[in-house]
Amino acid sequence: MLDYETLKLVWWGLIATLLLGFALTDGFDMGVGMLLPFVGRNDEERRVAINTVGPTWEGNQVWLVLSGGAIFAAWPLVYAAGFSVLYVALILTLFALFLRPVGFDYRGKLADPRWRSVWDWALFTGGFVPSLVFGIAIGNLFVGLPFRFDDSMRVTYGGGFLDLFNPFGVYCGLVSVAMLALHGASYLMLRTEGEVWRRARRFAMVLGVLNALLFGLGGWWLGRMDGLQILAQGDIGTALSPLGKTVGHAPGAWLANYGRWAGLAAVPAAGIAAALLSVAAAWRGWRWPVFLASCVNCCAIILTAGLSLFPFVLPSSIDPASSLTAWDAVSSHKTLQVMLLLTVVLLPIVIGYTSWVYRVLRGPVTVEKIRRETHTAY
């Protein structure tokens, strides 16, 4: 079996994989929702956009559930502290996500244009708000969240909900919105034709440029912020207490990993390159290349955040020594072993089933198909 240090690294990678799975699948669902009022000028065109994601959006949220479950089991201290500090933000996100199932299910119940317009904007809200809040939450990891542990490992919290809306946090929220809106536009290019496709193409070109600019400027900003660094800690191959390390501030510390490990700089570079490639592919009208470029862009941006923070997982703004890392926030060696065995069995099933569903539902959604298949609820 794997030793404890290796398991800690493996679970950091697995949780990153689950978050990437959520961004790549449910991300374009939210992106389509954000673009829905703008790519469809009439009811039929909006139904085309909705039907690209309507049959699969619920299955895509499995990745979010898996991510939350994995954090709870593998990083219980992160789950407890992070979900408490971000409680109001997560409740806001949850209520925004509620608008998606009711929007999909109730929109088609009445033919009244005003009724359908209300649910179209509900779907927009259900895509925009979670995208913004997730980005703000990631941005606040670099600023630090207001929590601390005492000598008996009881956690206390400071600050409030509005403190999350600091300049860098809001900026990261905008990066997240641009990233997922681009992903939605690229998916609409892949799955539609006609006017919806042409409008999605224009959005993809604009959002690709915006994404590259925002991401690049965000990296420049991050390099000028004070970050955290571990000055001393115990053997990472053993069970560690979060309070058993010494943590200090240093200018530009969040970018230190890119100088420490050769090749890591290729990840953020790939994010900018993929965003610009999506612009070129959209301009040429290439369906699969623009979607694949958007997938690479999402992965690169999320991995850049994770690699910049590593080994920190949940930094503290009021007591840096209480910050949680991949080395000291984890469950026991035995727990990680058992969970890894379950993951090795179950994760391929989820991936295989998801792939099969998209294979069955492949092909473009058109206005003619919407008119022909009148039984659809979307």
Where Cys172 and Gly139 come nearest, the two heavy atoms and their spacing: SG-CA, 3.5 Å
Any Met339 side-chain heavy atom under 4.5 Å of Trp11 side chain: yes
Least distance between heavy atoms, Asn140 atom then Asp163 atom: OD1-O, 4.1 Å
Spacing of Leu35 atom CG and Tyr187 atom OH [to the nearest 0.5 Å]: 14.0 Å
Test item: Trp197 side-chain N/O and Met189 main-chain N/O as donor-acceptor pair under 3.5 Å: yes
Atom pair CD1/CG of Ile71 and Leu18 - distance to nearest 0.5 Å: 8.5 Å
Minimum side-chain heavy-atom gap Met179-Asn297 below 4.5 Å: yes
Cluster overlap Val279 with Leu292, hydrophobic side-chain contacts below 4.5 Å: no
CA sep, side-chain torsions, deciding dist, call: Met30, Trp57, side chain to side chain contact (heavy atoms under 4.5 Å, CB included): CA-CA 9 Å; Met30 290 188 286; Trp57 72 270; over 6 Å; no
Ring geometry between Phe168 and Tyr171 (parallel below 30°, tilted from 30 to 60°, perpendicular above 60°): parallel
Approximate separation, where rounding is to 0.5 Å, of Leu243 CG and Asp319 CG: 7.5 Å
Check: Val133 and Leu90 side chains under 4.5 Å, non-hydrogen atoms: no
Val39 vs Thr192, side chain to side chain contact (heavy atoms under 4.5 Å, CB included): CA-CA, chis, key distance, verdict: CA-CA 11 Å; Val39 297; Thr192 65; over 6 Å; no
Leu2 vs Gln337 side-chain heavy atoms within contact, under 4.5 Å: no
Stepwise salt bridge (Lys or Arg N to Asp or Glu O under 4.0 Å) check, Arg100 with Asp105: CA-CA 8 Å; Arg100 300 174 68 197; Asp105 289 342; over 6 Å; no
Validation row: Leu307, Asn257 side chains within 4.5 angstrom (heavy atoms): no
Any Cys298 side-chain heavy atom under 4.5 Å of Phe28 side chain: no
Reported CD1-to-CG distance for the pair Ile236 and Leu9, which is rounded to 0.5 angstrom: 7.0 Å
Heavy-atom check, side chain of Ser176 versus side chain of Ile138, under 4.5 Å: no
Centroid-centroid distance, Tyr157 to Phe147, less than 6.0 Å: no
Heavy-atom pair of closest approach, residues Ala270 and Val296: O-CG1, 4.3 Å
In one Ile/Leu/Val/Met/Phe/Trp/Tyr side-chain cluster, 4.5 Å: Leu97, Ile50: yes
Path from Val177 to Met205 over hydrophobic side-chain contacts below 4.5 Å: no
Cluster overlap Trp221 with Phe215, hydrophobic side-chain contacts below 4.5 Å: yes
N/O donor-acceptor pair under 3.5 Å between Arg107 side chain and Phe104 backbone: no
Nearest non-hydrogen partners of Thr354 and Val350, listed with the distance: OG1-O, 2.8 Å
Main-chain N/O of Thr325 paired with Asp328 side-chain donor or acceptor, under 3.5 Å: yes
Greater than 12 external heavy atoms within 6.0 Å of Trp261's CH2: yes
Verdict with supporting geometry, Ile136 and Leu132, side chain to side chain contact (heavy atoms under 4.5 Å, CB included): CA-CA 6 Å; Ile136 289 174; Leu132 180 67; 3.9 Å; yes
Electrostatic pair Arg199-Glu45, nearest N-O below 4.0 angstrom: yes
Under 3.5 Å: donor-acceptor pair, side chain of Ser278, backbone of Gly208: no
Main-chain N/O of Trp220 paired to Arg224 side chain as donor or acceptor, under 3.5 Å: yes
same_hphob_cluster(Val290, Val206) at 4.5 Å side-chain heavy-atom cutoff: no
Heavy-atom closest contact (Ala89 atom, Leu164 atom, distance): CB-CD1, 3.9 Å
Euclidean distance, Trp119 CH2 relative to Arg46 CZ, rounded to 0.5 Å: 15.0 Å
Under 3.5 Å donor-acceptor, Trp115 side chain and Tyr106 backbone: yes
Main-chain N/O of Met153 paired to Asp150 side chain as donor or acceptor, under 3.5 Å: yes
Derivation of the side chain to side chain contact (heavy atoms under 4.5 Å, CB included) call for Gln233 and Thr246: CA-CA 6 Å; Gln233 67 178 354; Thr246 303; over 6 Å; no
Exam field: side chain Trp254 to backbone Leu309, donor-acceptor pair closer than 3.5 Å: no
His183 side chain vs Leu24 backbone, donor-acceptor pair below 3.5 Å: yes
Check: Thr335 side chain, Ser331 main-chain N or O, donor-acceptor pair, under 3.5 Å: no
Pair Trp327 + Phe310: ring centers closer than 6.0 Å: yes
Short side-chain donor-acceptor distance under 3.5 Å, Tyr258 and Ser308: yes
N-O pairing of Asp3 and Lys8 below 4.0 Å: no
Closest non-hydrogen atom pair, Met225 against Val143: CE-CG2, 4.4 Å
CZ (Arg114) with more than 12 external heavy atoms under 6.0 Å: no
For Thr52, the option from Asp29, Leu190, Val32 that meets side chain to side chain contact (heavy atoms under 4.5 Å, CB included): Val32
Over 12 non-hydrogen atoms of neighbours within 6.0 angstrom of OH in Tyr353: no
Nearest-0.5 Å distance, CG of residue Leu228 to CG of residue Leu141: 11.0 Å
Salt bridge Glu44-Arg47, side-chain N to carboxylate O under 4.0 Å: no
Single hit among Leu188, Leu123, Val53 for side chain to side chain contact (heavy atoms under 4.5 Å, CB included) with Leu36: Leu123
Tyr358 versus Arg362, side-chain donor and acceptor atoms under 3.5 Å: no
Flag side-chain contact, heavy atom, 4.5 Å: Leu264 against Thr304: no
Ring-ring centroid check Phe134 Phe22, cutoff 6.0 Å: yes
